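Throughout, protein chains are lettered first and strands after them, A, B, ... in sequence-line order, and every chain is numbered starting at 1. If you're wondering where the values come from, they're calculated on a predicted model, not measured in any experiment.
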Number of protein chains: 2
Amino acid sequence: REEVKMTDNAVFSQNKVLTIDTMNPNVKNVEYAVRGPIVQRAVQIEKELREGMKKPFTEVIKANIGDAHAMGQQPITFFRQVLALCSYPELLKDNMFPEDAKSRARRILQACGGSSLGAYSASQGIDCVRQDVARYIERRDGGVPCDPDNVYLTSGASDGIVTMLKLLVCGEGASKTGVMISIPQYPLYSAALAELGAVQVNYYLNEEKCWSMDLSELERSLAEARKHCNPKVLCIINPGNPTGQVQSRQCIEDVIRFAAKEHLFLMADEVYQDNVYAEGCQFHSFKKVLFELGPQYSNTVELVSFHSTSKCYMGECGFRGGYMEVINMDPEVKAQLIKLVSVRLCPAVPGQALMDMVVNSPQPGEPSYTTFMKERTATLSLLAEKAKLTEEMLNTVPGITCNPVQGAMYSFPNISLPQKAIKEAKALGQAPDMFYCMKMLEETGICLVPGSGFGQKDGTYHFRMTILPPTDKLKLLLAKVKEFHQKFTRQYS
Amino acid sequence: REEVKMTDNAVFSQNKVLTIDTMNPNVKNVEYAVRGPIVQRAVQIEKELREGMKKPFTEVIKANIGDAHAMGQQPITFFRQVLALCSYPELLKDNMFPEDAKSRARRILQACGGSSLGAYSASQGIDCVRQDVARYIERRDGGVPCDPDNVYLTSGASDGIVTMLKLLVCGEGASKTGVMISIPQYPLYSAALAELGAVQVNYYLNEEKCWSMDLSELERSLAEARKHCNPKVLCIINPGNPTGQVQSRQCIEDVIRFAAKEHLFLMADEVYQDNVYAEGCQFHSFKKVLFELGPQYSNTVELVSFHSTSKCYMGECGFRGGYMEVINMDPEVKAQLIKLVSVRLCPAVPGQALMDMVVNSPQPGEPSYTTFMKERTATLSLLAEKAKLTEEMLNTVPGITCNPVQGAMYSFPNISLPQKAIKEAKALGQAPDMFYCMKMLEETGICLVPGSGFGQKDGTYHFRMTILPPTDKLKLLLAKVKEFHQKFTRQYS
């Protein structure tokens, strides 16, 4: 009996199979500031407030993430009507819905297996949705043709970006794939690269020139990277996240010529394509500019562009809808891409349906057109107002300098931090702007993301804040930021 | 000018950046038979039929994938009512919906940012949904406690499985992680392992004993694997896919003891937990059995269990809903897991809402209860009938031997193929059962998946067919399979 017992005990290892030491080290290297420690603390503080803990504020204002509906933005009525009809087709018998919503729902359901959103779709996405995406792209780009076979529906843009990087990244040591990303960047990129074990190649945006891209900086970055890896991808976010700039047509042309010359695969993250606010700014798709450069370019440069249901005037983040269009992709690689996406079966079908409505919205003469346009315009105008307001108010604060929010949903102001604060932060092992944002959260309830989570030039400090809170709350937030910054500066001077 | 032109031409490389030779070789190694070449051909044939091409059949019957709604299964009314209400909350004002559907929709919306399905949820999933999942697990497992903090909502079970494997897989050469999977397996596993570059360690299910797991086979497989890699994960699918077996309580106990003794992390794919048809069979969750083995086991063995909205009586594949529960996971690893899932922001929120309804379905006394139970029972009884029908009819075919479909949604019969057919297939570079299934598709319009796509003992041949087609169509399909098999056998004898 004793022996049995001993054997039995011997069975149970004291060590777990999966520990921080035995787990995949690439996952350990992943960082994602937009939902990082500061946001976790914000959630905790909200709980403390609910439990009655006394704080110098009564609510947490989250300006950390581009989550429009959470900030009170209303969904587009037509979109939601169609989704309700698709979810519960009994409603098609009802008279409460406009005819165009009904016919759209019927069209989507007809394209679904068993006429149900509950059937798997083709892995590349529902055929008729991809066709609608293709027509949308053609209209947007003034007639440049788009083949629906080049369109892949995705679970938000993130999914598409990760999928493309998965195809592209390989090699070890000096032949490991390098991926050029802008700094500051949206941390999905650095996270995906860490997970895949790729080499992150930084190129810096020019803060002095409103976060524009400099050709010389691209050249410097590439030359340096070539010493230790095999750079083959160049990622661009336009309009910019977290920096809110809108790239000029000239700049896009320069980037495409650079990619062609240097044999780089282009990834254009264009999820904010409707979010352009500044006068004189305009969205130019990489694809359109590529085709305007002529067949030498349009027949050779490999490009993928991403879009999403989460941003623009829709803000439907929770549905995880999106698409990507690939241009000049090798047909053998396309077959591999289709195989790869088929393993995960399909993007969520409600998100595909929503993507369809975004690319094929109500047209003049249709019953839902007026309401749709009113809602769309109201949302975009309000965002434009808030972009302006944010820039102006931040620039009144001594020690904060803020570029115009030309597009997207974020301001990324430069903050001067006193040496004493920098020292104290470093003593705590924190990035100075993390120290600053954490203090702001504790003292004011405002949740921002420190610039260090996106990357920035050494010795500069920033934070990212969304322009999404309702105007009143945004004003309050900006006033509190001002007050906090002044107090913080005094305290550490 | 000549020089400029030359420079300009030099810019354009003849080679693409991304080719089959430069792409990620791990992705090239991925295979996914459920949507592989045979299904692509089926889609083509459907198109040819639509275009009027003459065939020896008038429609393609797809029995390749567990896609219930595509095969005509109706969604649960209550689920779809709540989804419609959540999508378009204006409907809450209407009197056409039962009160319990409305209150459920209100509860879900309250838990969403800005009361909208369009807001991001917490990356781990909506709090109240995770709480409902935890209570469901507790009821299912006779009171074994479940902490909502151990529950992670996912985009279908596939997403959870891949995420867990991502955490677990690391190392190179002889220390590379080995993952034990059953053969036959569901090819998501082999695909994910190929993508991650892990070592696939096969253990064979015992076809003679109704696809049960043998301890001695697990031991053989592990001992062999230890010679060349570091096996640390054991995956089980119960009820089985593609094999349809339901594991006995004793078998599960043996597996858990084996995992404890051999220091293996357990992954239990339990997405078919409501799909149990055979008399005397019952679903036992790995977690419940683990806790019944006592604290020595329940405090040490690391287990993750997966569930989904796609199977059981719901069949809501298109919504990509799911959850996983982790047991005895190291707290530091849990933090890493939360970080990892936060990069992709959140699973689609409509799928989360649907998961909530699955784990918290209408209760006796509530207005939707009777209809819900009627629909649920009808679907499950019909599946049980079709499971029996499939087994019986296949076993009348000389040369086809079929285990009982005890659970899940598939039959995986053994087929004898004449030597001449095997030879001809091999000459074509095809697996013999791929050759067989492809011929069946061309001649009868029936789309099955060859056993080689799931793995099988050398020299044996199988196909997987779902039991999902409507009864009439299923009978027709089975009659055609019989006729084809006889003809094929004659032709190659």
Identify which part of A:Tyr189 has an atom lying under 4.5 Å from any heavy atom of chain B, answering side chain, backbone, both or neither. neither
Counting heavy-atom pairs under 4.5 Å with chain A, which one of B:Met314, B:Lys232, B:Lys166 comes out on top? B:Lys166
Shortest non-hydrogen pair, A:Leu18 vs B:Met329, comes out as CD2-CE, 4.2 Å
Taking side chain as everything from C-beta outward and backbone as N, CA, C, O, which of these in A:Val162 sits under 4.5 Å from a heavy atom of chain B? Side chain, backbone, both or neither. side chain
Interface residue of largest heavy-atom contact number with chain A, from B:Leu354, B:Leu188, B:Ile338, B:Asn328, under 4.5 Å: B:Asn328
Are A:Arg320 and B:Ser155 side-chain neighbours, meaning at least one heavy-atom pair lies under 4.5 Å? no
Quick check on B:Gln81 against chain A: is it the side chain, the backbone, both or neither that has a heavy atom closer than 4.5 Å? both
Which region of A:Phe97, side chain (C-beta onward) or backbone (N, CA, C, O), has a non-hydrogen atom less than 4.5 Å from a non-hydrogen atom of chain B, or is it both or neither? side chain
Quick one: side chains of residues 113-122 of chain B, donor-acceptor pairs under 3.5 Å with protein atoms, not counting sequence neighbours, listed by atom name and distance.
{"from": "B:Ser116", "atom 1": "OG", "to": "A:His69", "atom 2": "ND1", "distance (Å)": "2.7"}
{"from": "B:Ser116", "atom 1": "OG", "to": "A:Arg80", "atom 2": "NH2", "distance (Å)": "2.9"}
{"from": "B:Ser116", "atom 1": "OG", "to": "B:Gly118", "atom 2": "N", "distance (Å)": "2.8"}
{"from": "B:Tyr120", "atom 1": "OH", "to": "A:Lys311", "atom 2": "NZ", "distance (Å)": "3.1"}
{"from": "B:Ser121", "atom 1": "OG", "to": "B:Gln352", "atom 2": "NE2", "distance (Å)": "2.9"}

Largest heavy-atom contact set with chain B, pairs under 4.5 Å, which of A:Val82, A:Val349, A:Asp67: A:Asp67
Atom pair CG/CG of B:Leu196 and A:Asn26 - distance to nearest 0.5 Å: 10.0 Å
Given heavy-atom pairs under 4.5 angstrom as the criterion, report whether the side chain, backbone, both or neither of A:Pro347 touches chain B. backbone
Give the member of A:Leu167, A:Val169, A:Leu83 that has the highest number of heavy-atom pairs under 4.5 Å with chain B. A:Leu167
Selection from B:Gly315, B:Gly321, B:Ser123, B:Pro25 maximising heavy-atom pairs under 4.5 Å formed with chain A: B:Ser123
Residue part contacting chain B, namely of A:Met96, when any heavy atom lies under 4.5 Å: side chain
Heavy-atom pair count under 4.5 Å with chain A, highest-scoring of B:Gln73, B:Lys28, B:Glu90: B:Lys28
When you compare the side chain of B:Glu195 with that of A:Leu340, does any pair of heavy atoms fall below 4.5 Å? yes
Looking at A:Gly318 and B:Pro350, what are the two nearest heavy atoms and their distance? O-CD, 3.7 Å
Test item: B:Lys16 side-chain N/O and A:Val301 main-chain N/O as donor-acceptor pair under 3.5 Å: no
Contact between A:Tyr88 and B:Leu91 at the side-chain level, heavy atoms closer than 4.5 Å - yes or no? no
Quick one: closest heavy-atom pair of A:Ser87 and B:Ser87, and the distance? OG-OG, 4.0 Å
Portion of A:Asp94 that has a non-hydrogen atom of chain B nearer than 4.5 angstrom: side chain
Does B:Thr163 have any side chain to side chain donor-acceptor pair (under 3.5 Å) partners at least two apart in sequence or in another chain, and if so, which? none
Interatomic distance, B:Ser158 atom OG to A:Leu345 atom CG [nearest 0.5 angstrom]: 5.0 Å
Taking A:Gln336, A:Glu332, A:Gln40 one by one, which has the highest count of heavy-atom pairs under 4.5 Å against chain B? A:Gln336
Under a 4.5 Å heavy-atom cutoff, which of A:Ala335, A:Cys170, A:Ser310, A:Cys317 has the most pairs with chain B? A:Cys317
Non-hydrogen side-chain atoms of A:Val30 and B:Val343 separated by less than 4.5 Å: yes
Nearest 0.5 angstrom please: A:Glu172 CD to B:Glu172 CD, how far? 6.5 Å
To the nearest 0.5 Å, tell me how far A:Asn24 CG sits from B:Leu168 CG. 9.0 Å
Is the shortest side-chain heavy-atom distance between A:Thr22 and B:Phe265 below 4.5 Å? no
So for A:Cys112, is it side chain, backbone, both, or neither that comes closer than 4.5 Å to the heavy atoms of chain B? neither
Nearest heavy-atom neighbours spanning B:Asp159 and A:Arg344: OD1-NH2, 3.0 Å
